[in-house]
Structures are given as structure tokens and as C-alpha cells.
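Scroll down for the structure; my scribbles are underneath it.
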Amino acid sequence: EIRALVIVGGDGSLTTGLQLYREGWPVVGVPKTIDNDLAATAMTFGFDSAVSTVVDGLDRLNTTASSHKRVMVLEVMGRHAGWIALWGGMAGGAKVVLIPEIPFSFDKVADFIEARGHQGYHSTLVVVAEGAKLPDGALSTVDANEGGEVRLGGVGEIVAAEIERRTGKETRSCTLGHLQRGGAPTALDRILGMRFGVMAVKLAEEGRFGRMVSYQSYHVDSVPIEEAVDELRLVRSESEMIAAAKAVGICFGD
């Protein structure tokens, strides 16, 4: 006799929620994914906090990169979508950002870093999403994870090794890993989570099941769960944000 089941999660959780709804369960969905990759909402709570962790990491890495004149590569989360890498890299002063949506070349990244050296910039921060495809189209995986999605990891080390081999510059890699998924949330995420919760209760009270809370144009409303899991929200290479990043000299290796 469950009157309402509120499912909080990302694409996987909400796909399961949709299946339960189709079986007759009173389901309401609330989007929560740090990858920010659900197409039916402009933002999910958790994303801003993860980006803040990336920015803090880059701020700290910049100190050692500058003092030792090194290239520092930071691997961040992002299986299919590069939002964390893009936002974190832009806010944290990275000069190279590698994401799943934009194919990159090691030679172009190396040429860019060498050109910076000729201009007097002897340190470079590089951000790479864990799901960024290598130039041969492959993903860097830790294991096959039988029965589920493959576990990604290690692309940062590969990128660092290739940069050092091509440029001769001392290069180090760092992986934030699950540090991005914990800690105190930002004010934006706290408020967004509160607003999402209020809307979820409202949907349940009104019996509007099979819907997911959605955030669009600074307004919280709802959409059918089908729309939420129908497609992923990916970074578009022709978007204004990519154009802005390129305008201030960020390299995407393309």
C-alpha cells in the first residue's frame, strides 16, 4: 500500500523508476547526478558541488605546476558527458580540456603546450574527463565489470605520458575520483535540492505520477520520466560555451 515512491537518481535509477511506473507503481522522479547529463532538466543537484571540488583541485595543482614549471593533468568524472570537465576547467584556469564529445589529437595538445612555452608560459593545467576517447577511439578502462557498465579510469595517466613524450616537459597526473561525490554541498545545490523536494511532494499529493522534477529557465516544474531518460544531455561542440572557452584560449585538442 505504498502511496508514493520518490526515486532520486540519474539515468539508471530513473530508467528503473519508469519500468516500475509502467507496472503500476506510484513513482515520482527527482534528478540527482553530478554528470548533469539528463536532457529533460537544465541542471541537477550535485553537479555544482562536484564542479567546485574540481576548481579547488585545480587551484591547488596550479601552485605546484607554476613553481615546478610542470604540466599537471587532472582526471575528473564524466562517462558520456563532459560537463564537469568543461565547467571545472573553465572556472579553474585549465588551458586544455578533453571531453567525450570532442575527439582530440595528442599532437594538437602537445603543439598547444609547446606554443605556450614559447610565449613564456611554462606550466599548463589539463583537465580530462574519464570518458574522453583516446585518438584511436578507445576508452581507458579499469576492468570489464561483468554484468554492468565497464569501469573507466586511467585516461589521465595516458594523457600525461603522451604529453611528456611529445614535449619533453615534466608532466604529472592526478585523479580526483570519488572526492567529487562527497563533502559539503554548495549553496546552489542545497537550495536546488530543497526546491526539487518540494515539487516532488506536490506531484505526489496531486497524484501526478510518472513524472520527474525538472529545472528549466530558473523555474522548477516537471516532465514525463520518459523525456528524462530518452536521451542524454551532452556538450555540443558548436555551443556558445565551447565558443567562449576557445575565445579565451582553451584548447580542446580538436
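- For CE of Met241, the number of neighbouring non-hydrogen atoms (other residues, nucleotides, ligands) closer than 6.0 Å is greater than 12.
- The backbone N or O of Asp35 sits less than 3.5 Å from a side-chain atom of Thr33, completing a donor-acceptor pair.
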What pairs of donor and acceptor atoms, side-chain ones from residues 2-23 against any protein atom, are under 3.5 angstrom apart with sequence neighbours left out?
residue	atom	partner	partner atom	Å
Thr15	OG1	Asp11	O	2.7
Thr16	OG1	Gly12	O	3.2

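- For Arg190, the CZ atom is densely surrounded, since the number of other residues' heavy atoms within 6.0 Å is greater than 12.
- For the atom pair CG of Asp107 and CD of Glu162, the computed distance is 9.0 Å after rounding to the nearest 0.5 Å.
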**Request:** Start with the C-alpha gap between Leu203 and Phe209, add the side-chain angles, then the distance that decides, and say whether side-chain contact (heavy atoms from CB on, under 4.5 Å) holds.
**Result:** CA-CA 7 Å; Leu203 290 171; Phe209 299 114; over 6 Å; no
**Request:** Could you go through the side-chain contact (heavy atoms from CB on, under 4.5 Å) check for Met212 and Ser222 one step at a time?
**Result:** CA-CA 5 Å; Met212 184 197 80; Ser222 68; over 6 Å; no
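- The two residues Ser237 and Ile102 make their nearest non-hydrogen contact at CB-CG1, 4.1 Å.
- Here Arg116 pairs with Thr124 under the side-chain hydrogen bond (donor to acceptor under 3.5 Å, both in side chains) rule; sequence neighbours left out.
- From Leu192, atom CG reaches atom CE of Met194 across 11.0 Å, with rounding to the nearest 0.5 Å.
- Note: Phe106 CZ to Leu134 CG = 5.0 Å, rounded to the nearest 0.5 Å.
- No donor-acceptor pair under 3.5 Å is formed between the side chain of Ser239 and the backbone N or O of Val235.
- Taking each heavy atom of Met199 and Val220 in turn, the nearest pair found is CE-O, 3.4 Å.
- Here the closest non-hydrogen pair linking Ser214 and Ala40 is OG-O, 2.5 Å.
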**Request:** Show the numbers, then the answer: is there a side-chain contact (heavy atoms from CB on, under 4.5 Å) between Val128 and Leu74?
**Result:** CA-CA 6 Å; Val128 53; Leu74 182 65; over 6 Å; no
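- More than 12 heavy atoms of other shown residues, nucleotides or ligands fall within 6.0 angstrom of atom NZ in Lys169.
- The shortest side-chain heavy-atom distance between Thr167 and Asp111 does not fall under the 4.5 Å cut-off.
- Using a 4.0 Å cut-off between charged nitrogen and carboxylate oxygen, Glu205 and Lys202 do not count as a salt-bridge pair.
- The side-chain heavy atoms of Phe45 and Tyr215, taken from C-beta on, include no pair separated by under 4.5 Å.
- The aromatic ring centres of Trp87 and Phe47 sit less than 6.0 Å apart.
- No side-chain heavy atom of Ser105 sits under 4.5 Å from any side-chain heavy atom of Pro135.
- Counted by atom type alone, Thr186 and Asp48 present one or more donor-acceptor pairs between their side chains at under 3.5 Å.
- With sequence neighbours excluded, the residues that form a side-chain hydrogen bond (donor to acceptor under 3.5 Å, both in side chains) with Lys246 are Asp254.
- The cluster map of Ile, Leu, Val, Met, Phe, Trp and Tyr, joined by side-chain heavy atoms under 4.5 Å apart, puts Val71 and Leu58 in different clusters.
- Counting only heavy atoms from C-beta outward, the side chains of Met72 and Thr64 approach each other to under 4.5 Å.
- What you find for Met90 and Ile250 is that their closest heavy atoms are CG-CD1, 3.9 Å.
- In Glu226, the CD atom is crowded: over 12 heavy atoms of neighbouring residues, nucleotides or ligands sit closer than 6.0 Å.
- A pairwise comparison of heavy atoms in Arg166 and Ala110 identifies CB-CB, 3.7 Å as the closest pair.
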**Message:** Is there a side-chain contact (heavy atoms from CB on, under 4.5 Å) between Arg236 and Ile242? Walk through the geometry before answering.
**Reply:** CA-CA 8 Å; Arg236 293 182 295 109; Ile242 293 293; over 6 Å; no
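- Once rounded to the nearest 0.5 Å, the distance linking NZ of Lys95 with CZ of Phe112 reads 7.0 Å.
- Atoms CD1 and CD1, on Ile84 and Ile34 in that order, are 4.0 Å from each other to the nearest 0.5 Å.
- For the pair Val55/Ser52, no side-chain contact is recorded, criterion being any heavy-atom separation below 4.5 Å from C-beta on.
- Counting heavy atoms from C-beta outward, Val96 and Val73 have side chains that stay 4.5 Å or more apart.
- Side chains of Ser173 and Glu75 form no contact here, defined as non-hydrogen atoms less than 4.5 Å apart.
- Residues Asp59 and Leu61 have side chains not in contact (no heavy-atom distance under 4.5 Å, counting atoms from C-beta outward).
- Taking each heavy atom of Trp83 and Leu234 in turn, the nearest pair found is CZ2-O, 3.4 Å.
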